[in-house]
Amino acid sequence: MRYIPSPISLQFSYIYTATANTSGRMQYHRIKPGYSKLRISRTEFIKAYNEAQILAINPLQQQGLDAVFQFEFYI
């Protein structure tokens with residue numbers, strides 16, 4: 001999957017990530033850039049995705065697995 005980043009830098013408060021660990025289980029994090037990375041529940045991640053004003057989504061394709069996608073979004 002091709003990803004074309006925006007040429008405009010974003011000003012955002014948080015990054016939410018959904019990534020798979022080495023065993024394949026999903027982990028969800030809320031990151032405040034320069035301050036903290038906090039592991040959060042799936043429910044909190046879904047709520048942020050559905051209710052927050054998202055500025056950008058960055059798909060993270062797992063190396064060697066074309067069908068597995070992880071992503072992060074910026075609010």
Side-chain angles (χ1 to χ4, degrees):
M1 175 179 206
R2 290 186 173 181
Y3 170 68
I4 302 170
S6 172
I8 302 168
S9 61
L10 294 175
Q11 292 196 16
F12 52 90
S13 301
Y14 290 99
I15 304 169
Y16 284 82
T17 63
T19 55
N21 63 14
T22 55
S23 67
R25 297 193 69 174
M26 293 302 291
Q27 293 185 346
Y28 305 95
H29 293 92
R30 180 180 66 225
I31 303 166
K32 184 164 179 114
Y35 292 99
S36 65
K37 179 177 183 178
L38 178 66
R39 189 165 176 187
I40 59 173
S41 69
R42 180 177 182 265
T43 305
E44 183 178 343
F45 181 86
I46 291 170
K47 183 176 180 178
Y49 184 79
N50 288 329
E51 296 178 5
Q53 186 174 9
I54 297 175
L55 301 173
I57 295 177
N58 181 16
L60 306 168
Q61 191 169 14
Q62 194 168 4
Q63 190 75 343
L65 298 172
D66 294 339
V68 176
F69 287 93
Q70 305 172 74
F71 74 99
E72 58 190 17
F73 64 89
Y74 301 79
I75 62 168

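Everything numeric here is computed off the predicted structure, so don't read it as measured data.
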CD on Gln70 to CD on Gln27, rounded to 0.5 Å: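 With rounding to 0.5 Å, CD (Gln27) is 10.0 Å from CD (Gln70).
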Separation between OH of Tyr74 and CG of Leu55, rounded to the nearest 0.5 Å: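 If I round to the nearest 0.5 Å, the distance is 10.5 Å.
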ring-ring contact (aromatic ring centres under 6.0 Å, His included) contacts touching residues 17-37 (sequence neighbours left out):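 ring-ring contact (aromatic ring centres under 6.0 Å, His included) check on residues 17-37 returns Tyr28-Phe45.
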Residues that Glu44 engages under side-chain hydrogen bond (donor to acceptor under 3.5 Å, both in side chains), provided they are two or more places apart: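 For Glu44, the residues satisfying side-chain hydrogen bond (donor to acceptor under 3.5 Å, both in side chains) (neighbours in sequence not counted) are Arg30.
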Contacts table for residues 10-20: side-chain donor-acceptor under 3.5 angstrom, sequence neighbours left out:
none

Intermediate values then yes/no, side-chain contact (heavy atoms from CB on, under 4.5 Å), Phe71 and Asn58: CA-CA 6 Å; Phe71 74 99; Asn58 181 16; over 6 Å; no
Taking every non-hydrogen atom, the tightest pair across Ile31 and Lys37: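 Closest pair (atom of Ile31, atom of Lys37, distance): CG1-CG, 3.8 Å.
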